[in-house]
Enquirer: 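One structure is given below, represented as structure tokens, and several questions about it will come after.
Just so it is clear: chains get the letters A, B, ... in the order the sequence lines come, proteins before strands, and each one is counted from 1. Below, each value reflects all heavy atoms present in this structure, side chains not excepted, and no hydrogens, waters or symmetry copies.
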Amino acid sequence: MASKTQTYTPSEMMAVRAAHELRDGEVVFVGIGLPNLACNLARATHAPNLVLIYESGAVGAVPERLPVSIGDPALVTNSLAVATMADVFQFYLQGGRIQVGFLGGAQIDRYGNINSTVIGDYEHPKVRLPGSGGACEIAIHAQRVIIVAPLSPRTFPASVDFITSPGHDGRYGRRTALGLPGGGPLRVVTDMGVLAPSADDGELELVGIYPGVDVADVKTKTGWPLRVAARLAELPPPTHDELHLLRDVLDPQGLYIGRRDG
Amino acid sequence: MADAAKHGHASKVMTMRDAIARFVHDGDCVVIEGFTHLICFAAAHEIIRQRRRNLTLCRLTPDLIYDQMIAAGCATKLVFSWAGNPGVGSLHALRRAVEKGVPQPLALEEYSHFGLVARLSAGAARLPFWTLRDYAGSDLPRANPLIRQVTCPYTGERLATVPALNPDVTIVHAQRADEDGNAQIWGLYGVQKEAAFAARHVVVVVEEIVGQDVVRADPNRTLIPGIIVDAVVCEPWGAHPSYAQGYYDRDNDFYVAWEGISRDEPALARWLDEFVYRVPDRAGYMERLGRDRQERLRAKPMVCPGVNYGF
């Protein structure tokens, strides 16, 4: 159990980094998969008072099993409240009550615009994706958005084929000029490092790098000439305790953190 | 029933076969709602068996229920906001219809969840449209010209609008109702209330029909009042592979298995044949599914104590 150079999967590192983005007591709009795992890890470590809200209507959920769908019955059992979806979107989200929203997508561009609608032309798509769900309004209203996605040139093109969920700039102009109430994607947690928008123009740049990862490699995985922040943080690996929680308590079947070798 | 007879109106309780025959017609705009929870597959299967055609199907998440109806050739248009198999992958029958026109072309009208919830809210309130602060900076209004804008007469702010959605019929699954259709739901509500109030006709399908005294003992739990309900159908396990909180769990294995079934057109046809066309009703479907599955999915008791309604 106690090896000094403990190995970990990229998914484990992403879950841990995403968890560190959350502060105790925050209200988080969360989906299934890695973001859900990150929230539960945060709850089990530094943020026991995190309030998890799911778009399905569960408020203050404390799921005793990993939900495989966003409407899992385990989200209801022992929750604080169950809201209608009209209330969730109008009062909780549009009402400005959500501090953090998690999003992912098939494409994320240099300004943090997210595409989860189509690859290619809308009328004649190469790939038809599921669509917005609640993503568009989460990107608009959450005080800050955390994107969780592994880096690849395909996933991180210079501009997305379709803007499902607006980032900081795009064909409709700057986010500030559009008057969007939320702060937009302020952190992009990838499998190699963490990106954040620059204060000048909202373009995503590398602000944190994982142990053993080369900046040059990160650049080749990004679809635009990636800028590196003046103060690049070297982010620590997951702690022994975090890995134990992820592997033995929160995701014992390896549904989201993947299986380790051996 | 005695009460209903006394007041001179016919009972709303009927079989699924009669409810679909009476309230779902070719060309109708149909909503079968339920967000993960309480999705009435039993109604969808009866619509497939009765071979309804040219339906406009509306749901936030088409889910397996509309994938099956699209595969069976019931639908020519889909109004939706998230089209996937949650946590699993694609809806392959839907994709075949969109990408290849198989078994027939399917028109898409796409919103976000908030947008479609707002359409139903407008429909329920009998307003022509609903306003929401949404879509600025997104390509969705370009993809769907029904997403428009209005200037607020008080502040001058530009707000997004979506048109009311008033389906011909909404079918809602609930845990229980009385014979008049006063339906009680607990667990996730989804947009069941808005979808029911927005519709011209409402069919309520329940796990069990209870006496009106049960409803009156806990009126805060009634989400859909009988005054808007046309038909009440008692159909235990009617939401499988979706779930009913307190009755049975979601059949996640089936959602995973659907990936393989729906990807393969002949396999899907065989599945429809075995589990829809060649069973007479929901009881037949459950029998084919097997006892073991039912026992595995049956909910554990976790009963909440009641509250004092006295004064």
Enquirer: Can you tell which part of B:L60 gets under 4.5 Å to a heavy atom of chain A, answering side chain, backbone, both or neither?
Expert: side chain
Enquirer: A:A135, A:P73, A:A139: which one forms the most heavy-atom pairs within less than 4.5 Å of chain B?
Expert: A:P73
Enquirer: Among B:A83, B:G115, B:C304, B:G187, which has the most heavy-atom pairs under 4.5 Å with chain A?
Expert: B:A83
Enquirer: Is it the side chain or the backbone of A:P125 that comes within 4.5 Å of chain B heavy atoms, both, or neither?
Expert: neither
Enquirer: By a 4.5 Å heavy-atom criterion (distance strictly below it), what part of A:F89 contacts chain B: side chain, backbone, both, or neither?
Expert: both
Enquirer: Select, from B:W186, B:Y189, B:F114, B:Y135, the one with the greatest count of heavy-atom pairs under 4.5 Å involving chain A.
Expert: B:F114
Enquirer: Measure the spacing between CD1 of B:I224 and CD of B:E194 and express it to the nearest 0.5 Å.
Expert: 9.5 Å
Enquirer: Is it the side chain or the backbone of B:R158 that comes within 4.5 Å of chain A heavy atoms, both, or neither?
Expert: neither
Enquirer: Using non-hydrogen atoms and a 4.5 Å limit, figure out which bit of B:F80 sits close to chain A: side chain, backbone, both or neither.
Expert: side chain
Enquirer: Tell me, for A:R171 versus chain B, whether the close heavy atoms (under 4.5 Å) come from the side chain, the backbone, both or neither.
Expert: side chain
Enquirer: Got a salt bridge between B:D253 and B:R293, using NZ or NE/NH1/NH2 to carboxylate O under 4.0 Å?
Expert: no
Enquirer: Indicate yes or no: does B:E265 engage B:K100 in a salt bridge with an N to O separation below 4.0 Å.
Expert: no
Enquirer: Residues two or more places apart in sequence or in another chain: which of them pass ring-ring contact (aromatic ring centres under 6.0 Å, His included) with B:Y111?
Expert: none
Enquirer: Can you say whether B:N252 sits under 4.5 Å from chain A via the side chain, the backbone, both, or neither, judging by heavy atoms?
Expert: side chain
Enquirer: Would you mind telling me which of B:T222, B:L223, B:V206, B:V204 makes a side-chain contact (heavy atoms from CB on, under 4.5 Å) with B:I185?
Expert: B:L223
Enquirer: Over all heavy atoms of both residues, which pair between A:I114 and A:G105 is shortest? Give the atoms and the distance, please.
Expert: CG2-CA, 3.9 Å
Enquirer: Distance only, no hydrogens: is a donor on one side chain within 3.5 Å (strictly under) of an acceptor on the other, for B:W258 and B:N85?
Expert: no
Enquirer: Can you tell me which of A:G131, A:P130, A:G71 forms the most heavy-atom pairs within a distance under 4.5 Å of chain B?
Expert: A:P130
Enquirer: If you define the side chain from C-beta out and look only at heavy atoms, does anything of A:L103 sit under 4.5 Å from A:P185?
Expert: no
Enquirer: Under 4.5 Å heavy-atom distance to chain A, tell me which part of B:Y243 shows up: side chain, backbone, both or neither.
Expert: side chain
Enquirer: At a heavy-atom separation under 4.5 Å, does A:H141 approach chain B through its side chain, its backbone, both, or neither?
Expert: side chain
Enquirer: Do you know which of B:E99, B:R133, B:K193 has the most heavy-atom pairs with chain A at a distance under 4.5 angstrom?
Expert: B:R133
Enquirer: Between chain A and each of B:S112, B:G84, B:P86, B:G87, count heavy-atom pairs under 4.5 Å; write down the option with the most.
Expert: B:S112
Enquirer: Go through it in stages, so that I can follow the logic: the residues are A:K126 and A:D161, the test is side-chain contact (heavy atoms from CB on, under 4.5 Å), and I'd like the CA-CA distance, side-chain angles, deciding distance and then a yes or no.
Expert: CA-CA 11 Å; A:K126 270 186 233 152; A:D161 295 356; 5.7 Å; no
Enquirer: So for A:N78, is it side chain, backbone, both, or neither that comes closer than 4.5 Å to the heavy atoms of chain B?
Expert: side chain
Enquirer: Top residue by heavy-atom pair count (under 4.5 Å) with chain B, among A:G173, A:G170, A:G133, A:P166?
Expert: A:G133
Enquirer: For A:A83, is it the side chain, the backbone, both, or neither that has a heavy atom closer than 4.5 Å to a heavy atom of chain B?
Expert: backbone
Enquirer: Classify the angle between the aromatic ring planes of B:Y248 and B:W237 as parallel (below 30°), tilted (30 to 60°) or perpendicular (above 60°).
Expert: parallel
Enquirer: Using a cut-off of under 4.5 Å for heavy-atom pairs, which of A:R175, A:E55, A:E137 has the most such pairs with chain B?
Expert: A:E137
Enquirer: Hey, what do you get for SG (B:C40) to CD1 (B:I171), rounding to the nearest 0.5 Å?
Expert: 6.5 Å
Enquirer: Determine all donor-acceptor pairs shorter than 3.5 Å in which one atom belongs to a side chain in residues 29-44 of chain A; sequence neighbours excluded.
Expert:
from  : atom 1 : to    : atom 2 : distance (Å)
A:N36 : OD1    : A:Y54 : OH     : 2.3
A:N40 : OD1    : A:R43 : NH2    : 3.2
A:N40 : ND2    : A:N36 : O      : 3.4

Enquirer: Could you check which of B:R95, B:R250, B:E110 has the highest count of heavy-atom pairs closer than 4.5 Å to chain A?
Expert: B:E110
Enquirer: At a heavy-atom separation under 4.5 Å, does A:F162 approach chain B through its side chain, its backbone, both, or neither?
Expert: both
Enquirer: Is it the case that atom CD in B:E295 sees more than 12 heavy atoms from other parts of the structure closer than 6.0 Å?
Expert: yes
Enquirer: For B:L132, which atoms come within 4.5 Å of any heavy atom of chain A: side chain, backbone, both, or neither?
Expert: both
